[in-house]
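Comments concern the structure below.
Here is the naming used below: chain letters follow the sequence lines, and residue numbers restart at 1 for every chain. Side chains are part of it too, since the values below use all heavy atoms of this structure and drop only hydrogens, waters and symmetry mates.
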Amino acid sequence: MPELPEVETAVRSLREPLVGRTIYTATFPADPGRMTNLTVEVLSARIAGQRIESITRRAKYLIFNLSADKLIVHLKMTGHLYVMPAAEANPFDRWLRVYFPLDNGDQLRFSDARKFGRVSLVRDPAEILPDLGPEPLDDEFTAKVLKERLTGRSTILKSLLLDQSFVAGVGNIYADEALHIAKLHPLRHANTLTNAEIKRLHAAIRQALSDGILHEGASINWYRKPDGTRGESQDYLRAYRELGNLSKPCPVCGGPITKIVVGQRGTHFCPTCQPAKPR
DNA sequence: CGGACAACCTGGCGGC
DNA sequence: TGCCGCCAGGTTGTCC
């Protein structure tokens, strides 16, 4: 579910209640299945007594930097992290998969209806992180870098934006948004972009993600901020439409948004603003 | 490298 | 109201 802006929003709001806290243990209400990289026994024993020094993000992963280890969480489609006093219930507890009691009486909880999320405890993130492309909001991600990475890639633009080894953190919503801002058709082939188009795409990726962070993430069906409230980003989306609801027109030209399937993913674009041929 | 597709799971929604 | 099929923001692995 969450893409870079949603994960970044979660990281930012978890810092205040969590940095400086010490984790007592990890408790799994039910069989974790393939949620963790370690057995329940090993993970809970090894995390006990570790202090949360800082919380960072890489791509769509949350990284809790502990005294000795890193706790790495991927929310996938429906994962949710939140902090509650131990005695207090929360609607997301219905799908509670693991919780971490803390030294101040609070708990860090992870709930996940669809059970795709992952919680790993590692010494070195490289143990579990896959090949990830550059962070699109870092200064090092320039239009020149994007151009180099596009070179020789014949694949369809939309699919490439979703490839985490190409650029990290872009998911289905913000890929559609970036292409709309850049005025590029999602089916354009990556190696056919002109220099001007590459510049537009570079700026558009960053703008789509920055706007998403500014509005604290898109609460399209499952995503909620750690405090349970909704982000606002869904109200500002240019092209992406929830559940194929195409009644809202293109904010630029007022024409209808079209939905097609690209690489098995719903893809929304404005055929007027994003022509199939370079303009 | 790339495209197609299945798999991992469950809940919500529209349609009948 | 109830049942059914379809849809979902992510990622990985396999096959061709």
Side-chain angles (χ1 to χ4, degrees), chain A residues 1-10 30-37 57-62 72-81 91-97 110-120 128-133 149-179 186-192 208-209 211-213 215-225 230-247 259-268:
Chain A
M1 82 203 250
E3 310 180 29
L4 187 154
E6 288 74 30
V7 176
E8 180 63 27
T9 300
D31 179 358
R34 50 177 69 70
M35 174 177 55
T36 61
N37 65 326
R57 178 190 60 74
R58 171 72 173 117
K60 299 172 190 169
Y61 295 84
L62 295 101
I72 301 184
V73 178
H74 196 304
L75 303 171
K76 291 286 176 85
M77 307 283 258
T78 53
H80 183 59
L81 281 168
F92 280 90
D93 297 344
R94 177 177 169 195
W95 305 284
L96 187 63
R97 305 223 67 213
F110 175 70
S111 114
D112 186 10
R114 216 166 148 186
K115 298 184 181 175
F116 284 0
R118 296 284 179 274
V119 174
S120 307
I128 60 141
L129 292 189
D131 178 26
L132 293 169
R149 298 183 73 81
L150 285 168
T151 308
R153 302 299 298 264
S154 61
T155 192
I156 285 163
L157 207 43
K158 165 76 186 259
S159 302
L160 196 55
L161 290 180
L162 294 179
D163 181 347
Q164 299 299 296
S165 67
F166 178 73
V167 58
V170 178
N172 205 40
I173 295 177
Y174 295 99
D176 285 358
E177 292 301 293
L179 290 170
L187 293 178
R188 289 284 301 279
H189 287 261
N191 57 3
T192 67
L209 297 173
D211 286 358
I213 293 172
H215 299 302
E216 301 187 294
S219 285
I220 285 181
N221 91 51
W222 280 90
Y223 178 75
R224 293 297 181 276
K225 292 187 281 178
R230 305 171 74 95
E232 311 269 315
S233 180
Q234 68 280 359
D235 298 335
Y236 298 87
L237 296 178
R238 298 157 176 88
Y240 184 85
R241 297 289 181 266
E242 187 172 9
L243 291 172
N245 176 8
L246 303 179
S247 59
K259 181 178 181 185
I260 59 175
V261 175
V262 180
Q264 307 174 91
R265 310 303 303 279
T267 296
H268 314 73

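- A close approach under 4.0 Å does occur between a side-chain nitrogen or oxygen of A/Trp95 and OP1 or OP2 of B/dG11.
- Residue A/Ser159 is out of contact with every strand shown, counting any heavy-atom pair closer than 4.0 Å.
- Between A/Tyr174 and A/Glu6 there is a side-chain heavy-atom pair separated by less than 4.5 Å.
- The shortest distance between the side-chain N/O atoms of A/Lys76 and the OP1/OP2 oxygens of C/dT11 is not below 4.0 Å.
- For the OP1/OP2 pair of B/dC1 and a distance below 4.0 Å, the side-chain nitrogens and oxygens of A/Ser154 include no atom meeting the criterion.
- Looking at A/Lys60 and A/Leu75, their side chains never come closer than 4.5 Å, going by heavy atoms from C-beta outward.
- Nearer the 5' end of DNA chain B, as judged by each residue's closest nucleotide, is the contact made by A/Arg153, out of A/Arg153 and A/Gln264.
- Rounding to the nearest 0.5 Å places CZ of A/Arg118 at 9.0 Å from CG of A/Asp112.
- Salt bridge A/Arg238/A/Asp176: absent, no basic N to carboxylate O contact under 4.0 Å.
- Under the 4.5 Å side-chain criterion, counting only non-hydrogen atoms from C-beta, A/Ser233 is not in contact with A/Asp211.
- When the P atom is used for both B/dA6 and C/dC6, the distance is 14 Å, rounded to whole Å.
- Put simply, the side chain of A/Lys115 does not reach to within 4.5 Å of the side chain of A/Thr78, judged on heavy atoms.
- The distance from atom CZ of A/Arg118 to atom C1' of C/dG10 is 10 Å, rounded to the nearest whole Å.
- In this structure, A/Phe116 places its CZ atom 11 Å from C1' of C/dT12, rounding to the nearest Å.
- Counting non-hydrogen atoms under 4.0 angstrom, A/Ile156 reaches the backbone sugars and phosphates but no base.
- Contact between the side-chain N/O atoms of A/Lys259 and the OP1/OP2 oxygens of C/dA8 is found at a separation under 4.0 Å.
- Distance A/Arg34 CZ to B/dC9 C1': 10 Å, rounded to the nearest Å.
- Residue contacts for A/Tyr240: at a heavy-atom cut-off of 4.0 Å it reaches the sugar-phosphate backbone alone, with no base atom in range.
- Summarising the geometry, the separation between CZ on A/Phe92 and P on B/dT10 is reported as 17 Å, rounded to the nearest angstrom.
- The base-pairing partner of B/dC9, taking Watson-Crick or G-U wobble contacts with both distances under 3.5 Å, does not exist among the strands shown.
- Contact between the side-chain N/O atoms of A/Lys60 and the OP1/OP2 oxygens of C/dT11 is found at a separation under 4.0 Å.
- Toward the 5′ end of DNA chain C lies the nearest nucleotide of A/Arg114, the other residue of the pair A/Arg114 and A/Ile128 mapping further downstream.
- Taking atom OH of residue A/Tyr61 and atom P of nucleotide C/dT12, one finds them 5 Å apart after rounding to whole Å.
- Note: CZ (A/Arg265) to P (C/dT11) measures 9 Å, nearest angstrom.
- One atom, CD of A/Glu3, and another, C1' of C/dA8, lie 12 Å apart when rounded to the nearest Å.
- In this model, the phosphate group of C/dT11 is approached by a side-chain N or O of A/His74 to a distance below 4.0 Å at OP1 or OP2.
- When rounded to the nearest whole Å, the span between CD of A/Glu6 and P of C/dA8 equals 17 Å.
- Contact annotation: A/Gln164 reaches the phosphate of C/dT11 (side-chain N/O to OP1 or OP2, under 4.0 Å).
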